[in-house]
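Following: one structure in structure tokens, then a few remarks.
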Amino acid sequence: MYYIGIDLGTSAVKLLLMDESGTIHRTVSREYPLEFPQPGWSQQNPEDWWAAVREGLSALTAHCDRSRIAGIGVGGQMHGLVILDKDDRVIRPAILWNDGRTARQVDYLNNTIGRETLSRYTGNIAFAGFTAPKLLWLREHEPENFARIAKIMLPKDYVNYMLTGKHTTDVSDASGTLLLDVRARRWSPEMLEICGVRPEQMPQLYESYAPVGALRPAIARMLDFPETVQVCAGAGDNAAAAVGTGVVGEGGCNLSIGTSGTVFISSREFRVDGHNALHAFAHADGGYHLMGCMLSAAACNKWLMEDIFHTTDYAGEQAQIAPEKLGHNHVFFLPYLMGERSPINDTNARGTFVGMTMDTTRSDLTQAVLEGVAFAIRDSFQVAEALGLQPRSTRICGGGAKSPLWRRIFANVLNMDLESVVTEQGPGYGGGILAMVACGAYPSVEDACRRLTAVREVTHPEPALAALYAQRYRQFREIYPACKDLFAVLGNG
């Protein structure tokens, strides 16, 4: 039988067709526009997602026996606010995970409602990307749209709705709304009341691997798919990527270097750090995970290469970095182009080069960006270590993980082994695995991951270089505190 995994990303949707053995038979992708109506704002039209998915499904399966398609699983960008009216029509563009308009609402939640109260209700505090602050912003700035809300969903849930006609979500994606009691895996009545939301406006909660419904007959006919195709609840992109790389159960670790960057540590038990610097979320395997998320990871490198250097020759630019310069660059870069989430939670933070001189070169700037992202990722590992979680190795995925130089920098900045997996499709592959479990091809997510994921290559840290980077990281840690007050002034200027 065939299973379809869908990765609903920020700039494009990627779809893959796989079988029970994990063999990928075909992949396709479709792009869609991203809107920035004001500085720091980010939104998309959900109908564009559906159009891209619909086109992608047709192209993906054009040359296969469609009667053998059994299930579909979606991993999607998290936190985006999708609102539907009583006729299930989209009310306004979805406000995305990397949107920074909710600084005042985040301040209200964290400092008026209170961090301890939020953590007691949900296991987390408010971050600008989360869904609850977006609802408060909408209630204040677009009350007529807020009043029309019949259903609140997340991006991948809109795709599942279009496929099945069901209003659903899963616990991993719902964890990032700040509306879920994560430990209990249920909507928090207190948070719904704070945000002015009624329980009936929320989608039904499922485990990620649970089937939520078969294809709507009209959709099955349009795609020429069997009406028996099952759609599972799916997962947030980071949980789906973790499944796709085999990071399930106790103590697994995944590092994803995509548009954003995430540190993902899986656990069978619910854990919260004392400062809520890391997110405490439900995992797609039925357990939990801690996650640190930086808003701009590979996006920083893309910005420098394409917007500043006007090139798409990423490998060529990195080839100009002399090996002996690693650990010795005099330029630092704060990778906060969209503000930052974990662990500093500062919407005013900005991307900053520090240490440039008259002899600074183009390759120094490239190296500083690569290193700055790695240093910022290490910030999240520092928090995990304070909880007694000290992984000695991590799986790695995402577009940035394809760079051998960047993998080497990460391995030495983090001082741990980086394991590249055989199948590097991340959230899409994880979505396909979840669909298999939903259809009964495997008894559990952990069992499926044991059989379907494997390590292809390991990048080891080098003791001398790791020591140099440890010193550079200590210097990096001094830069943001020195700039924090200035960022706040500039952000409000």
Side-chain angles (χ1 to χ4, degrees), residues 8 34-35 37-38 41-51 74 76-106 108-109 112-113 118 121-122 124 126-182 186-206 212-213 216 233-234 236:
L8 188 74
L34 183 61
E35 302 172 6
Q38 293 189 34
W41 291 23
S42 179
Q43 57 189 45
Q44 278 177 328
N45 189 339
E47 285 101 338
D48 290 340
W49 302 331
W50 171 239
V74 187
Q77 52 168 299
M78 296 179 69
H79 313 300
L81 175 63
V82 180
I83 51 174
L84 307 182
D85 67 14
K86 61 182 178 58
D87 298 313
D88 288 330
R89 292 175 302 197
V90 175
I91 294 172
R92 71 168 326 278
I95 305 175
L96 300 190
W97 60 273
N98 56 354
D99 186 283
R101 75 184 71 184
T102 58
R104 199 154 61 83
Q105 290 74 28
V106 169
Y108 165 76
L109 287 168
T112 300
I113 300 299
L118 295 179
Y121 291 160
T122 71
N124 297 279
F127 287 77
F130 284 6
T131 316
K134 296 180 174 76
L135 284 165
L136 293 177
W137 182 92
L138 194 73
R139 184 170 66 177
E140 178 179 348
H141 294 277
E142 299 180 8
E144 69 288 350
N145 285 333
F146 187 86
R148 293 173 58 199
I149 296 175
K151 267 304 184 265
I152 295 166
M153 290 193 296
L154 295 156
K156 64 110 173 57
D157 304 327
Y158 180 74
V159 172
N160 283 348
Y161 163 73
M162 294 301 292
L163 291 169
T164 67
K166 305 288 182 64
H167 302 103
T168 67
T169 194
D170 82 290
V171 290
S172 75
D173 214 359
S175 297
T177 62
L178 201 68
L179 299 169
L180 188 78
D181 178 343
V182 176
R186 65 178 178 88
W187 297 119
S188 163
E190 297 89 352
M191 287 306 301
L192 296 186
E193 183 176 356
I194 287 169
C195 293
V197 173
R198 303 184 305 277
E200 61 269 23
Q201 291 174 297
M202 302 305 297
Q204 186 172 350
L205 281 164
Y206 289 86
V212 300
R216 290 191 288 177

How far apart are the closest heavy atoms of R92 and I83, and which atoms are they?
CG-CD1, 3.8 Å
What is the minimum heavy-atom distance between K134 and W97, and which atoms define it?
NZ-CA, 4.2 Å
Can you name the residues that form a side-chain contact (heavy atoms from CB on, under 4.5 Å) with A94, not counting sequence neighbours?
P46, W49, V82, L96
Contacts satisfying salt bridge (Lys or Arg N to Asp or Glu O under 4.0 Å) that involve residues 169-180 (not counting sequence neighbours) are K156-D170, K156-D173
Any heavy-atom pair between the side chains of W50 and L163 that's under 4.5 Å?
yes
Between the CD1 atom in I113 and the CD1 atom in I194, the distance rounded to the nearest 0.5 Å is 4.0 Å
To the nearest 0.5 Å, atom NZ of K151 lies from atom CD of Q201 at 8.0 Å
Considering only heavy atoms from C-beta outward, does the side chain of Q204 approach that of K166 to under 4.5 Å?
no
Here the gap from E142 atom CD to I91 atom CD1, rounded to the nearest 0.5 Å, amounts to 10.0 Å
Rounded to the nearest 0.5 Å, how far apart are CD of E140 and CZ of F146?
11.5 Å
Sequence neighbours excluded, the answer for salt bridge (Lys or Arg N to Asp or Glu O under 4.0 Å) partners of E193 is none
Note: E144 and R148 closest approach over all heavy atoms is O-CG, 3.2 Å
Please report the C-alpha distance between T102 and I95 in whole Å, then the side-chain angles of each, then the deciding distance to 0.1 Å, and finally whether the side-chain contact (heavy atoms from CB on, under 4.5 Å) criterion is met.
CA-CA 10 Å; T102 58; I95 305 175; 5.9 Å; no
Using the test ring pair (Phe, Tyr, Trp, His ring centres under 6.0 Å), find all partners of W137 that sit at least two apart in sequence or belong to another chain.
W41, H141
Flag the pair T177 / T169 as yes when at least one side-chain heavy-atom distance between them is below 4.5 Å, and no otherwise.
no
NE2 (H167) and CG (N160) are apart, to the nearest 0.5 Å, by 12.0 Å
Please check this pair: side chain of N45 against backbone of E47, looking for a donor-acceptor N/O pair closer than 3.5 Å.
yes
Side chains of M162 and R216: does their closest heavy-atom pair fall under 4.5 Å?
yes
Identify, with sequence neighbours excluded, every residue that meets side-chain contact (heavy atoms from CB on, under 4.5 Å) alongside M202.
I152, L179, W187, L192, V197
Which residues pass the salt bridge (Lys or Arg N to Asp or Glu O under 4.0 Å) test with R101, sequence neighbours left out?
D99
Side-chain contact, heavy-atom cut-off 4.5 Å: L180 with L205?
yes
For the atom pair CG (L154) and OG (S172), what is the distance rounded to the nearest 0.5 Å?
9.5 Å
Nearest heavy-atom neighbours spanning A132 and L178:
CB-CB, 3.8 Å
Atom of A126, atom of L118 and distance for their closest heavy-atom approach
N-CD1, 3.8 Å
Could you tell me whether the side chain of L84 reaches within less than 4.5 Å of the side chain of V90, counting heavy atoms only?
yes
